[in-house]
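Quick note on labels: first sequence line is chain A, next is B, and so on, each numbered from 1.
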Amino acid sequence: MARPTRLTRAFYDRPTLEVCRDCLGKYLVYISPKGRLAARIVEVEGYIGENDPACHAASGPSKRNRHLYDKPGTAYLYLIYGSYYCLNFVTEKESFPAAVLLRAAEPVEGVEIMRRRTETVLPGSKLLSGPGRCCRSFGLTLEQNGYDMALEDSILYLEDRHDPKPEVEVSPRIGITKAADRLWRFYDRDSNAVSGPASFRRSGSARADR
DNA sequence: TATAGGATTGCC
DNA sequence: GCAATCCTATAG
């Protein structure tokens with residue numbers, strides 16, 4: 001079996017929707033102060049450029065979104081609703097503001113560390129179900145904002161463990177009001193760690209397809 | 001300086 | 001179903 005390989009800058013330096021699809025089934029690894037954490041990514045969304053009304057760069061550069069304009073492979077984090085952080089992987093060429101939002105993953109290594117960071121009682125499989133939970137369980141904050149994930153010795157990076165490609169489903173992005181028609185959310189059909197109510201998922205939905 | 005609102009979560 | 005919570009962007 002081939003050993004895991006770190007994803008290099010070339011992985012992020014591509015059209016964002018391609019990166020989105022390819023992120024599914026890859027692993028987020030963080031050599032944290034409390035120990036090594038790893039998780040299999042099962043849900044992401046794309047936010048692409050100043051013409052995407054839902055992208056933080058829709059009104060041009062600002063203090064908050066500045067790292068969206070950094071080189072591909074940069075981590076972009078921000079605070080949402082005064083309570084939670086969200087992690088993005090910056091994509092495409094430098095100065096073009098686009099990123100992949102991490103929405104859900106399956107805990108693989110360091111599950112007890114993740115659990116200790118979480119106040120509410122959650123099933124282990126749901127510790128990373130939601131963008132806020134991903135950052136909380138991993139202990140990621142604005143401290144990691146602007147971090148370069150594509151260096152040889154990065155302590156926060158994506159890894160390919162050469163798993164089989166997951167079955168990918170597509171849907172509108174969650175929680176936004178603008179550009180809600182774009183199908184820029186991607187998730188692993190077979191994972192029970194995908195965020196949101198079951199009605200967001202095609203399979204397992206009690207409602208008939210519209 | 002004032003204010004509206006958000007790529008969420010968890011409790012009611 | 002909705003409040004919590006606080007930073008950011010925008011308006012005055």
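- Distance NZ (A/Lys178) to C1' (B/dG5): 9 Å, rounded to an integer number of Å.
- Nucleic acid contact for A/Arg173: none, since no nucleic acid atom lies under 4.0 Å from a heavy atom of the residue.
- No side-chain donor-acceptor contact under 3.5 Å links A/Ser125 and A/Glu106.
- Per the geometry, OH belonging to A/Tyr85 stands 15 Å off P belonging to B/dT9, to the nearest Å.
- Because its NZ or CZ atom is both nearer than 6.0 Å to the ring centre of A/Tyr187 and within 45° of the ring axis, A/Arg185 counts as a cation-pi partner of that residue.
- Going from atom NZ of A/Lys126 over to atom P of B/dG10 covers 12 Å, rounded to whole Å.
- No cation-pi contact links A/Arg21 to A/Phe186, judged by a cut-off of 6.0 Å to the six-membered ring centre and 45° from its axis.
- Checked against B/dA7, C/dT8, C/dC7, the side chain of A/Tyr47 finds its nearest nucleotide in B/dA7.
- A/Leu102 is connected to A/Val100 through a chain of hydrophobic side-chain contacts under 4.5 Å among Ile, Leu, Val, Met, Phe, Trp and Tyr, so both are in one cluster.
- Separating the CG atom of A/Asn145 from the C1' atom of C/dT8 is a distance of 14 Å, rounded to the nearest angstrom.
- Side chain of A/Tyr76, nearest nucleotide from C/dT10, B/dA7, C/dA9: B/dA7.
- In this model, the phosphate group of C/dA4 is not approached by any side-chain N or O of A/Ser83 to a distance below 4.0 Å at OP1 or OP2.
- Contact annotation: A/Arg66 does not reach the phosphate of C/dT8 (side-chain N/O to OP1 or OP2, under 4.0 Å).
- If A/Ser62 and A/Tyr81 are placed on DNA chain C by their nearest nucleotide, the residue sitting closer to the 5' end is A/Tyr81.
- Nearer to the 5' terminus of DNA chain B, by closest-nucleotide assignment, is the contact made by A/Thr177 (compared with the other of A/Thr177 and A/Thr118).
- Counting non-hydrogen atoms under 4.0 angstrom, A/Ile176 reaches the backbone sugars and phosphates but no base.
- Between A/Ser195 and B/dT8, a side-chain N or O to OP1/OP2 separation shorter than 4.0 Å is absent.
- Figure legend. C/dA4 is base-paired to B/dT8; pairs are counted as Watson-Crick or G-U wobble with both atom distances under 3.5 Å.
- Side-chain N/O atoms of A/Arg133 include one lying less than 4.0 angstrom from OP1 or OP2 on B/dG10.
- The distance from atom CD1 of A/Ile80 to atom C1' of C/dA4 is 13 Å, rounded to the nearest whole Å.
- Listed candidates were B/dT9, C/dT10, C/dC6. Nearest to the side chain of A/Arg136 is B/dT9.
- Atom CG in A/Leu77 sits about 15 Å away from atom P in B/dA7, given to the nearest Å.
- Straight-line distance between the P atoms of B/dA4 and C/dA3: roughly 16 Å, to the nearest whole Å.
- Atom NE2 in A/His56 sits roughly 16 Å away from atom P in C/dC7 (whole-Å rounding).
- Annotation: A/Asp181, atom CG; neighbour count of heavy atoms from other residues, nucleotides and ligands within 6.0 Å is above 12.
- The OG1 atom of A/Thr91 sits 7.0 Å away from atom CD1 of A/Ile48, with the distance rounded to the nearest 0.5 Å.
- Residue A/Asn65 contributes atom CG, which lies 18 Å from atom P of C/dC7 at whole-angstrom precision.
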